Amino acid sequence: MTEIRVAVVGTGVIGRTHIDTLKTVPGMVLTAVVDPSPASKDLAAGLQIRHFTTVDDLLSAKIADAVVVASPNDTHVPIGCQLLEAGLPILLEKPVANSLAESAQLAAAAAKTGMPVLVGHHRRHNPLIKAAKRALEDGAIGPLVMATVTCAVLKPDDYFDVAWRTDPEQGGPLLINAIHDIDLLRHFFGEVAAVQGSASNAVRGLPVEDTTAAILTFEKAGLATIALSDAAVGPWAWELSSGENPGRFPKHDAITHIYAGRQGGLSLPDLSHWTHGPGGNWYHALKHGTVPFTQTDTYIAQMEHFGQIVRGKAEPLVTCTDGIRNMEVVVAIKQSSKTGRAIQIADLADSNGAAR
Ligand SMILES: NC(=O)c1ccc[n+]([C@@H]2O[C@H](COP(=O)([O-])OP(=O)(O)OC[C@H]3O[C@@H](n4cnc5c(N)ncnc54)[C@H](O)[C@@H]3O)[C@@H](O)[C@H]2O)c1
């Protein structure tokens, strides 16, 4: 395969980011978009590529070697399974499914067909995250003890005019935003054993939560908290501080993730590193440094990685199983909020028939 022909399904906010990204990745070419909206027809005409309203039509045309699925959440499993069955690798946006039970169908299709699924937790492709992961693995802060993650953003009211964003099964900042933070916490700490959460829709009064606080207990060791709102002003959110998507969000000088270990601390996205000298404790001044890294475009890195997967030269960095595990944590936080009880992730997965 000299050039990988890629189709993008869903040309909304993130679909357009993928379309723009594809223009810059050597060896990959956008050949088609699939979207029932009239606007997407004009988009395709402007890009001089094919336009389809259904995945069936895309498959009949045989003009794609790989597909990016960026349509609403409730389409991820039916469209994802259809593409895998047709022998096409997919870059599937998060969350992988609309429910945990449904996510098992996707895992089964991936296992049956052997086709790769890369889940769009793009942050893992950020060199900043790779540098943080290396620092943690190299023992820069010793065994992880705790973390705290903040996501405070003020979304405009018309953001919620798109129906799926206020559907409790599909929308809400836990599924839209915090699932990426959960993916990073799992990346650094390992699997989550239990969660306790409290979610509220008191500010906007929509059917989806606007504000949530949660405590995560990890299987190996460590505790983390997440405080999240899409109805509160603050630069303390990955989207507003990492500079990852400059086309959509301004970058602010703010810390959003704090990781504290037995021998030091690390904050993100500034990669500040704090340590005591030997025998030091809270009575002694800490030493401060910064973990070095070189910033490159995260979405380009993700797409280049997808290209490597399609060529059989790499395994997905973020797997279907990762996508499901992240969803489990979100579902558990929501359940805990309703019941007031801590939720064990293993119990939740069993009761929902999710793949384990
Ligand atoms: N990784 C990220 O950074 C990121 C960011 C935003 C959204 N997302 C995810 O991407 C997905 C899309 O989010 P969005 O904000 O771009 O949504 P959006 O509403 O802006 O766009 C969705 C698009 O999909 C189209 N669509 C609807 N049904 C379709 C179908 N059956 N087949 C093909 N196209 C269809 C719509 O017409 C629309 O153009 C969601 O799952 C969301 O969670 C990921």
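Both counts, for ligands and for their atoms, begin at 1 and track the order of listing. What you see is a predicted model; the values in this text were computed from it and never measured.
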Report summary line: At under 4.0 Å between heavy atoms, what of Thr75 touches ligand 1? The answer is side chain
Requested in this report: Would you mind finding which of Pro72, Gly15, Ala39 brings a heavy atom closest to atom 27 (C) of ligand 1?
Outcome: Pro72
Query raised in the report: Is it true that a side-chain atom of Asp322 and a backbone atom of Val318 form a donor plus acceptor pair closer than 3.5 Å?
Result: no
Query raised in the report: Does Ile176 reach ligand 1, in the sense of a heavy atom lying below 4.0 Å from it?
Result: no
Report task. Can you figure out which of Leu58, Asn73, Asp35, Thr54 has its heavy atom closest to atom 36 (C) of ligand 1? Result -> Asp35
Query raised in the report: Is it the side chain, the backbone, both or neither of Arg165 that has a heavy atom closer than 4.0 Å to ligand 1?
Result: side chain
Requested in this report: Could you check whether the rings of Phe218 and Phe189 sit parallel, tilted or perpendicular, using 30° and 60° as the cut-offs?
Outcome: parallel
Query raised in the report: Is ligand 1 less than 4.0 angstrom away from at least one heavy atom of His76?
Result: yes
Report task. Indicate, as side chain, backbone, both or neither, the part of Tyr299 found under 4.0 angstrom from ligand 1 when only non-hydrogen atoms are considered. Result -> side chain
Query raised in the report: Should the heavy atoms of other residues, nucleotides or ligands under 6.0 Å from NZ of Lys155 be counted, would the total exceed 12?
Result: yes
Requested in this report: Answer with side chain, backbone, both or neither: which part of Ala70 has a heavy atom less than 4.0 angstrom from an atom of ligand 1?
Outcome: backbone
Query raised in the report: Do Ser60 and Asp57 have side-chain N/O donor and acceptor atoms under 3.5 Å apart?
Result: no
Requested in this report: Measure from the side-chain N and O atoms of His252 to the backbone N and O of Leu240, and report whether any donor-acceptor pair falls under 3.5 Å.
Outcome: yes
Query - Plane angle bin for Phe188 and Tyr259 - parallel if under 30°, tilted between 30 and 60°, otherwise perpendicular - result: perpendicular
